[in-house]
Asker: 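Shown below is the structure under consideration.
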Amino acid sequence: MESSINSTKIVHIPQWHAFTHSKCPRCRIGKVFTGPTYSFSVQKMNEYCPHCKLRFEREPGYFYVAMFVSYAMNVAELISAGVASYVFGLKLDYENLWYFVGVLLATILIFAPFNYRYSRLILLYWLSPGLNYQPEKGVSKK
């Protein structure tokens, strides 16, 4: 006599892996964004987690705080790019001013999609009170 038993298995997904792959902070399975970071299409964020149905925008205007996180990331990237260009031989004088401006503008343009995505993820993962990992939400049924 065979009985059909639904077994459930709780999968523990590491936080850093879920963060870098843009997964939901609650179940760590559903995707936060619909496409890749760098593509020719516009980045679109899912309104709800496709797996656990978490609403990503916790309240109206929730992602305005992500602008401050993005600003901090941008400042760190610009300082790093400026120091790196100086270390690799670009002298800091008046004749090279426009080269520095070009390097900084290129840095801004290259990192803009990255900053958009990961500033929102930083807000969801580490700056949102009450939004924690719940392994039972990531249950996969066999």
Asker: I'd like to check Phe63 versus Leu124 (side-chain heavy atoms, cut-off strictly below 4.5 Å). Are they in contact?
Answerer: yes
Asker: Going from OG on Ser85 to OH on Tyr99, what distance comes out if it is rounded to the nearest 0.5 angstrom?
Answerer: 13.0 Å
Asker: Would you call the rings of Phe19 and Trp126 parallel, tilted or perpendicular, taking 30° and 60° as the class edges?
Answerer: tilted
Asker: Donor-acceptor check, side chain of Asn96 to backbone of Lys91, threshold 3.5 angstrom: yes or no?
Answerer: yes
Asker: For Cys27 and Ile13, which heavy atoms make the closest approach, and how far apart are they?
Answerer: O-CD1, 4.5 Å
Asker: Whether the side chain of Ser70 engages the backbone of Ala66 through a donor-acceptor N/O pair (distance < 3.5 Å, no angle test) should be reported.
Answerer: no
Asker: Determine the interplanar angle of the Phe114 and Phe111 rings, folded into 0 to 90°, and report it as parallel if under 30°, tilted if 30 to 60°, perpendicular if over 60°.
Answerer: perpendicular
Asker: To check you understand the geometry: which heavy-atom pair defines the closest contact between Arg26 and Cys52, and what is its length?
Answerer: NH2-O, 2.9 Å
Asker: Looking only at non-hydrogen atoms, find the nearest pair between Gly82 and Phe100 and report the distance.
Answerer: O-CE2, 3.6 Å
Asker: Tell me whether Val101 shares a hydrophobic cluster with Tyr86, the cluster being built from Ile, Leu, Val, Met, Phe, Trp, Tyr side chains joined at under 4.5 Å.
Answerer: no
Asker: Looking at Leu78, is its backbone amide N or carbonyl O close enough to the side chain of Thr107 to form a donor-acceptor pair, meaning the two atoms are under 3.5 Å apart?
Answerer: no
Asker: Is there a donor-acceptor pair closer than 3.5 Å between any side-chain N or O of Tyr133 and the backbone N or O of Pro14?
Answerer: no
Asker: State, with a plain yes or no, whether a side-chain heavy atom of Glu47 is found less than 4.5 Å away from one of Arg55.
Answerer: yes
Asker: Starting at CG of Leu109, measure out to CG of Leu105 and round the result to the nearest 0.5 Å.
Answerer: 6.5 Å
Asker: With side chains defined as the heavy atoms from C-beta onward, is the minimum distance between Leu121 and Ser22 less than 4.5 Å?
Answerer: yes
Asker: Measure the shortest side-chain to side-chain distance between Glu57 and Met45 over non-hydrogen atoms and say whether it is less than 4.5 angstrom.
Answerer: no
Asker: Can you measure from OH (Tyr64) to CG (Leu123) and round to the nearest 0.5 angstrom?
Answerer: 13.5 Å
Asker: How long is the gap from CZ on Arg120 to CZ on Phe33, to the nearest 0.5 Å?
Answerer: 6.0 Å
Asker: How far apart are the closest heavy atoms of Pro25 and Phe56, and which atoms are they?
Answerer: CD-CE2, 4.1 Å
Asker: Members other than Val83 in its cluster, when Ile, Leu, Val, Met, Phe, Trp, Tyr link by side-chain heavy atoms under 4.5 Å?
Answerer: Tyr71, Val75, Ile79, Val87
Asker: Any side-chain heavy-atom pair from Leu92 and Leu97 closer than 4.5 angstrom?
Answerer: no
Asker: Check Leu54 against Cys24 and note the closest heavy-atom contact, atom names and distance.
Answerer: CD2-SG, 3.8 Å
Asker: Mind checking whether Tyr116 and Leu127 sit in one hydrophobic cluster, side chains of I, L, V, M, F, W, Y counted as touching below 4.5 Å?
Answerer: yes
Asker: Can any side-chain N or O of Arg117 pair as donor or acceptor with the backbone N or O of Pro36 at less than 3.5 Å?
Answerer: yes
Asker: Would you say Val103 and Met73 are hydrophobically clustered, going by side-chain heavy atoms of ILVMFWY under 4.5 Å?
Answerer: no
Asker: More than 12 heavy atoms of other residues, nucleotides or ligands under 6.0 Å from OH of Tyr38: is that the case?
Answerer: yes
Asker: Distance check, rounded to the nearest 0.5 Å: Lys23 atom NZ versus His51 atom NE2?
Answerer: 11.0 Å
Asker: Would you check if the side chain of Gln43 reaches a backbone N or O of Pro113 as a donor-acceptor pair within less than 3.5 Å?
Answerer: yes
Asker: Does any part of the side chain of Asn115, heavy atoms only, come nearer than 4.5 Å to the side chain of Glu77, both counted from C-beta?
Answerer: yes
Asker: Look at the side chain of Asn46 and the backbone N and O of Lys31, then say whether any donor-acceptor pair between them is shorter than 3.5 Å.
Answerer: yes
